[in-house]
Structures are given as structure tokens and as C-alpha cells.
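Here is the structure we will look at, set down as C-alpha cells.
Residue numbering restarts at 1 for every chain, and letters A, B, ... go by the order of the sequence lines.
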Number of protein chains: 2
Amino acid sequence: MTLTPLQQEFVLHFGEMGSRWGINRTVGQIYALLFLSSVPLNAEQITEALGISRSNTSMGLKELQSWTLVRLKHFPGDRRDYFTTPDDLWEIVRTLVAERKKREIDPTLTKLRELEMQGPAGDDYAEARIAELRELIEMMTGFYAEMEKLETERLVKLMTLGGKIAGLIDRTGGIIPSLTKRK
Amino acid sequence: MTLTPLQQEFVLHFGEMGSRWGINRTVGQIYALLFLSSVPLNAEQITEALGISRSNTSMGLKELQSWTLVRLKHFPGDRRDYFTTPDDLWEIVRTLVAERKKREIDPTLTKLRELEMQGPAGDDYAEARIAELRELIEMMTGFYAEMEKLETERLVKLMTLGGKIAGLIDRTGGIIPSLTKRK
DNA sequence: CCTCCGTTTCAGAAATTTCTGAAATCTCTG
DNA sequence: CAGAGATTTCAGAAATTTCTGAAACGGAGG
């Protein structure tokens, strides 16, 4: 397994970006490699291609599996594990968003609710600020839950329409009445 | 400056979450402290409240300023710098999203374009995959650019309407014709 | 129930990031 | 322009994270 210059550069970039994305270099590189590979790869091939230790590969793959960002494949007569990324990029995005929400948002939302449950602490400003933050996060996660339900086709439509949607929203009363009246 | 139990717990939580959010513990704590404070605080107060070194506070504030997440305030007859977070949470969210995009997305988009510019590398699959990824990111950043333009009021409306918007989008031809025809 | 092939675990090494105290710098004010 | 107050810089210490090699584990065949 030798990488083409294109793969090489892509893999290195993902490795470097890893820390910004909340994963480590190795995990970023493994993911990049799988992403560009038309065929599933096993741990040994990944180890060799990236020049890292076998155990590091194992840990990286475990991490990627915990994110459900990679798929396991098997071939008849070969008991090694092979890994791929989904073909469908939208599926990847959905996974990514869902996992980041789970790791970066949900714990805080839980904590905010906890703090509010503890009742008045005699610090009105802080309490109000926490309530406001919780409400905002709830609104955003609620919106996210709606978007998550949409099939990809509509989601793409929504995104490409972009600003046009907003034009339909009236500042005061939701969707422009003259439009919504007629169904 | 002694923290109330409420502030204490909030601050510690933000410190712990820091690493998941791509900032360090101290930066998370400083931000949390400022967020809950009804009045601007100076570096000395922050240092004391969090029990960290003065230089660490300085670095943390510098980091927060580079994210434009805090505001500088001054009081007459006092030449120390005081810091606050914006009152408007939506402004905070906008800043956060903009900065994360700048740090986590833009460099990769640039890199992908670079890779494509380097011309055919004789690796059709990888090239196609990279192009597909670039297109997806472009679509999403394009959509983001549209949303960014909206005033908060409309954005909130959009989010609270949630799934209802999607219902307006026809699977085949954009917004449902019977609605868009009449302006 | 061995043995072989593959994977995972884990303790310590290496690398990186964060934090501190001391010194340097900056800038008002008298 | 000297001195006091405030902030920043920076080299090394401390803490944390990542990576490795060796050993443990697991299970399919013989």
C-alpha cells in the first residue's frame, strides 16, 4: 500500500485538521485514507499506508467506530476486518452532526437543566442567563430534530433554495399569510 | 471575588467541556465566568475567581479575543481592561458559528480546491470523491452565507417553524408551485 | 485442546498542550 | 522622563494526550 501524491496530501491535511475537529491526527488520517479508497481496507493495510503502529491503528479504528463513521466489511474466506466509509456523503454529514451534538451539546443541555432544578440560588442574573441559554439550545436542537427527519432530497432543496426561503417568512406572523392561506 | 455555588458549577462544566469544544479548560472557565457576570470583570478578578495564574488569564483572554467572543470595556479613571460577553445570545451563536467555520471548514475547502487544481492524478476514485466533498461543502457554506444575512427575528421564526418549512418544499420542483405562483 | 492468525489491551515512552513565575514591555501620570 | 500600575511574553515545569511494543485475548480449524 503506497499512497499516490494526491492521497498523501489529503491524508496529511486531515491529520493536521484532526485536532481542530476534536479527533487526533491518526484518527483523521485513517478516516481520510478510507474516504479516498474505493475498496475496503484492513488494519494491516492502513498501518502500512500511514506508517504507524498496529496498535495505534486499532485504537483509531475503535474511535471511528464509536463515532459510527466507518463500516465493517468481511470477505469470504478472509477473517480480517475491512473498513469503509459510506458512499453517500450526506450520510456522513448526518452522522457527524449527530455525534457532535451528542458530545458537544447534549451534556451541556443536561447540565443547564440540572442547575435550574437546583432551584433559586439567589443570583438572579446568572439564573436568568442560564435559563436563556437553555432555551436557545432547546430551540436549536428542536430545529435540528426536524431537519434530521427530512430525506436528503428535500434537505438539498432547502439548502440550494437558501435565502429564498427566508423571503417567505414574514417578520411578524410566520409564513406570509397570502401564501399559506391557499393550500 | 468568590463564586456562588451556581457559578462555580457552571464554570467547572465549561472548563471540562472546553476540550471537546476546541478550547482549553482555562479559556472555557473564563468565558463561563464572564457569561454569568452581570458586570464586566478585569483580569485580576478573573484570576482570583478561578484560582489560576495571572499570565494564564492573560493568554486565555487573548484567545477569547481572537475568537471575538469577548468585549473590552473601560471605566473612567480606571485604566484596567474589563471584559464582558454580549448580552444577546444570538450574537454569541453567530460569532461561534462564524469562527468555527473559519477554523474548521475553510482551510479544508481551500485545500480541496488546491488538490483539484493540481490536475488529474490518475486516481479517478479519489479525484471524484474529493470533488464531491468540495461540492457538498460549497453547498453548505453557501446556505450558511444566506442564513448569516438574516436578521435574528427571521432566523428565530425559521427555526421555530421548523418542519413546517420543509412541507412547503416539493420533492421535484422546489417550492410548491401553487404557492409560489401567487406573489 | 492446541495452534495459528488476527485483534485488543495496557504500561510506559514520546509528543504536545497547558500553565506558571519572572522578566520585559507598555502607558499613563505626576 | 521617572515611576507606578497594568499587561504581555517567554522559557521551563506540569499535565495531558497520543503512540508504541509487548503481552494478553479470542476464536476458527485441525
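Applying the ring-ring contact (aromatic ring centres under 6.0 Å, His included) test to pairs two or more places apart or on separate chains, none has a residue in residues 103-158 of chain A.
No hydrogens or angles considered: nothing links the side chains of A/S38 and B/R129 as a donor-acceptor pair under 3.5 Å. Between the side chains of B/T57 and B/T47, a donor-acceptor pair is found at a separation under 3.5 Å.
Considering all non-hydrogen atoms of both residues, A/W67 and A/R100 come closest at CZ3-CG, 3.9 Å. The shortest non-hydrogen separation linking B/R103 to A/M17 is O-CE, 3.5 Å.
Nucleotide D/dT16 holds its C1' atom 15 Å from the CG atom of B/N56, rounded to whole Å. Whole-Å rounding puts the A/I30 CD1 to D/dT18 C1' distance at 12 Å. The separation between A/E16 atom CD and C/dT17 atom P is 12 Å, rounded to whole Å. Counting to the nearest Å, the C1' atom of C/dG6 and the CZ atom of A/F83 are 11 Å from each other.
Residue-level contact check: B/S19 touches neither bases nor backbone, having no heavy atom under 4.0 Å from any strand. Backbone-only contact: A/N24 has heavy atoms under 4.0 Å from sugar-phosphate atoms and none from a base.
Note that the two end axes of the helix from C/dC1-D/dG30 to C/dG30-D/dC1 enclose an angle of 10°, each drawn from 5 base pairs, rounded to 10 degrees.
Under the 3.5 Å distance criterion, the side-chain polar atoms of B/Q7 are left unmatched by any main-chain donor or acceptor of B/L3. Judged purely by atom type and a 3.5 angstrom limit, B/S37 has no side-chain atom pairing as donor or acceptor with the backbone of B/L33.
B/N42 is not listed as a side-chain neighbour of B/F83, based on a closest heavy-atom distance of 4.5 Å or more.
The residues A/R134 and A/E116 are annotated as salt-bridged, a charged nitrogen and a carboxylate oxygen being separated by less than 4.0 angstrom. Ion pair A/R154/A/E151 flagged as a salt bridge, since at least one NZ, NE, NH1 or NH2 atom sits closer than 4.0 Å to an Asp/Glu carboxylate oxygen. The pair B/E146-B/K149 meets the salt-bridge criterion, since a charged nitrogen lies less than 4.0 angstrom from a carboxylate oxygen.
Taking the six-membered ring for Trp and thresholds of 30 and 60 degrees, A/W21 and A/F14 have ring planes more than 60 degrees apart, a perpendicular arrangement.
Contact between the side-chain N/O atoms of B/T26 and the OP1/OP2 oxygens of C/dT18 is not found at any separation under 4.0 Å.
Using a 4.0 Å cutoff on non-hydrogen atoms, the parts of residues 57-65 of chain B near DNA chain D are B/S58, B/M59, B/K62, ordered by number. Remark: nothing in residues 39-53 of chain B comes within less than 4.0 Å of DNA chain D through any heavy atom.
Listed by chain and number, the hydrophobic cluster partners of B/F75 are B/Y82, where partners are ILVMFWY side chains within reach of under 4.5 Å, directly or through others.
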When you compare the protein's N or O atoms with those of nucleotides 2-6 of chain D, which come within less than 3.5 Å of each other, and at what distance?
from: D/dG5; atom 1: O4'; to: B/R79; atom 2: NH2; distance (Å): 3.4

